[in-house]
Protein chains: 2
Amino acid sequence: MTQNNRSLTLRDVSEASGVSEMTVSRVLRNRGDVSATTREKVLTAAKDLGYVPNKIAGALASQRVNLVAVIIPSLSNMVFPEVLAGVSQVLEDTELQPVVGVTDYLPEKEEKVLYEMLSWRPSGVIIAGLEHTEAARAMMNASGIPVVEIMDADGEAVDAMVGISHRRAGRVMAASILEAGYKKIAFLGTKMPLDHRARKRFEGFTETLAKSGIEVAEREFYSGGSALAKGREMTEAVLKRSPDIDFIYYSNDMIGAGGLLYLMEKGIDVPGQIGLAGFNGVELLQGLPRQLATMDACRREIGVKAAEIIASRVNGDDTDKSVTLTPKISFGDTLLRK
Amino acid sequence: MTQNNRSLTLRDVSEASGVSEMTVSRVLRNRGDVSATTREKVLTAAKDLGYVPNKIAGALASQRVNLVAVIIPSLSNMVFPEVLAGVSQVLEDTELQPVVGVTDYLPEKEEKVLYEMLSWRPSGVIIAGLEHTEAARAMMNASGIPVVEIMDADGEAVDAMVGISHRRAGRVMAASILEAGYKKIAFLGTKMPLDHRARKRFEGFTETLAKSGIEVAEREFYSGGSALAKGREMTEAVLKRSPDIDFIYYSNDMIGAGGLLYLMEKGIDVPGQIGLAGFNGVELLQGLPRQLATMDACRREIGVKAAEIIASRVNGDDTDKSVTLTPKISFGDTLLRK
DNA sequence: CTCTGAGATGTTCACGCTAGCATCACAAAC
DNA sequence: GTTTGTGATGCTAGCGTGAACATCTCAGAG
């Protein structure tokens, strides 16, 4: 309540309550034996003063920091917040706390964010992707703490890894599309040098098409802007160039939804004339007039599993080093089922 | 590169490079005079060892922590990430770093998150809303650091405040709707005990309607689930109950978009038969077949301004205590313009 | 009445770093 | 040669807390 400019310490509380700093520390951490009377006295004093413990000092003294660094490319698309939700849910039952860093898909920024985070000596790291700079990889190795790389399973992990195979996801979608009889297939997505997972999906996709002697008929990439609007624009552009396209595979649901809305507006028969599919399985799709075919990326599950691995490792338990989840394809109303 | 289990300290670097710890510290912080030769030697040693400074110890020693706590209700709707983007953009040019805490709209969780964050002794706090528990308010007061409450301007700030008046926003929207001649007006939104800003908009809205002798004809509230789908469902439910509704005011754009898609599907004339408006001005709307009327909540701008206030105050400069931004109404295609 | 032991409380020191001052080397000025 | 100043470097003393150990108190056993 009192407004001090000099910040409060254990000493202030100890003086106010007439016991030693150590006892105050014990009360505030519920550690060790303290009599009910003393506990009461200390808590009252702490509350009256408005004392908030200094975790900086605590962490230095105890050599323990209950933070888990979570490093992701972006917060503005729906995918990473959901991973985060999974992480938080699990960590809430432990004394660990997630701290988020955002890289904007830039390797150098990732390296910088990682450095910053490691300088706070967290108990673990959860980081999106398997592609990192040499230096970043070295830091994670040297840190001596559990590191879980998430979202992807196509590659080598520094330590542990939880994700799906995007190559496989691309292959499965391609197979379903071929099976449904589509032939002139377009791919629309983000500019991929930045987004390795989208790239891998694309690679898996073209690989399977190639086996049937089919090549992607059209492709278009975007970056920035409203994904829904971009989906619209790109779909229009592609159909203008190649009106005989009969399927469009979008690298995410948001642009897919834009495309879907555009085609419906134009009165085009989906999935009869043109089939569509996206990727991610975002909740948003449920509100669309027609269900977009998609593939669930197991986002929440990935967050949960990654957090569980960190939590166990912090407790000294041994755990899985590599968890590969299998995304489920959902045909929705925009991909003919054989 | 070397994998140590015992973590590295300045001493390790100092031994490896043959200078004192102090000099190493100076090199790594670019503080004070160090000869080019020594600097080179130290940097090489640090890099070889893979040394990452320990900010915990640094912060304790220097009594300075370059973190800014940003406390928001949610990451999963589009509004707060954009505020965050504004904050990050500004702080990127300073030595300050944002750290995000999420409250899920729960006052007790807000209090807990605030406590946790303050225990790391950040340089400032940016927190959404003006409504907090007694204890939270006390903590912010006692902290002695700059505190900026954001998003809202209807109320008393603990310290500084940046936001818009949601009451006014509600009033302005009501006035525009009345002016366009709509009479049977419905309101659809979130359950409001949790969301004070939505509540204030609703209050302003009904207040202005009341002045024209009009009452909200229907109302419906939701919580959880896909907002787009909820908008759809609620719109359907309301129109079933009162088919003569001629305007629906949604408490956010997402449910508004759901409603819009539903009405278009049903072939209802928007805005002729039924007008619609949302709130927030989210980017998503740009991809819809028709532009939803809305009001920009100045999200990014709020983040920018709040961060600027913190940055100045940290530098000891005096700044505005209260900044009220004025949202712009956008009529889109769903609200007749008089 | 003394002894024992467990619970309650206090003391000391280290955690890894930085502020503030002390010291040192060396070149320019006298 | 001596002085002086300045850049370069080192030393010491904390920062606020928690771990480990030391001490004290008091009830119950003998």
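As a basis for the values below, the full set of heavy atoms in this structure was taken, side chains included, without hydrogen atoms, waters or symmetry mates.
A salt bridge does not link A:Arg64 with A:Glu95: none of the charged nitrogens is closer than 4.0 Å to a carboxylate oxygen.
As a whole-Å value, the separation of B:Asp12 CG from C:dG16 P is 9 Å. Spacing between atom CG of A:Leu28 and atom P of D:dA19 amounts to 14 Å, rounded to whole angstrom units. With rounding to whole Å, A:Met22 atom CE is found 14 Å from C:dA14 atom C1'.
Phosphate contact (OP1/OP2 of C:dG10, side-chain N/O of A:Ser20, threshold under 4.0 Å): present. Of the side-chain N and O atoms in A:Ser25, one or more sit less than 4.0 angstrom from OP1 or OP2 of D:dG18. The shortest distance between the side-chain N/O atoms of A:Gln63 and the OP1/OP2 oxygens of C:dG16 is below 4.0 Å. For the OP1/OP2 pair of C:dT9 and a distance below 4.0 Å, the side-chain nitrogens and oxygens of A:Ser35 include at least one atom meeting the criterion.
For B:Gly58 and B:Arg26, each mapped to the nucleotide of DNA chain C holding its nearest heavy atom, the one lying further toward the 5' end belongs to B:Gly58. Taking for each of A:Ala57 and B:Val34 the nucleotide of DNA chain D with the nearest heavy atom, the 5'-most of the two is the partner of B:Val34.
Closest contact between the side chain of A:Ala61 and the listed nucleotides D:dA19, C:dC15, C:dG16 involves C:dC15.
Across all strands, B:Asp33 comes closer than 4.0 Å to base atoms (heavy-atom distances). Within the 4.0 angstrom heavy-atom criterion, no nucleotide atom of any strand lies near A:Arg121.
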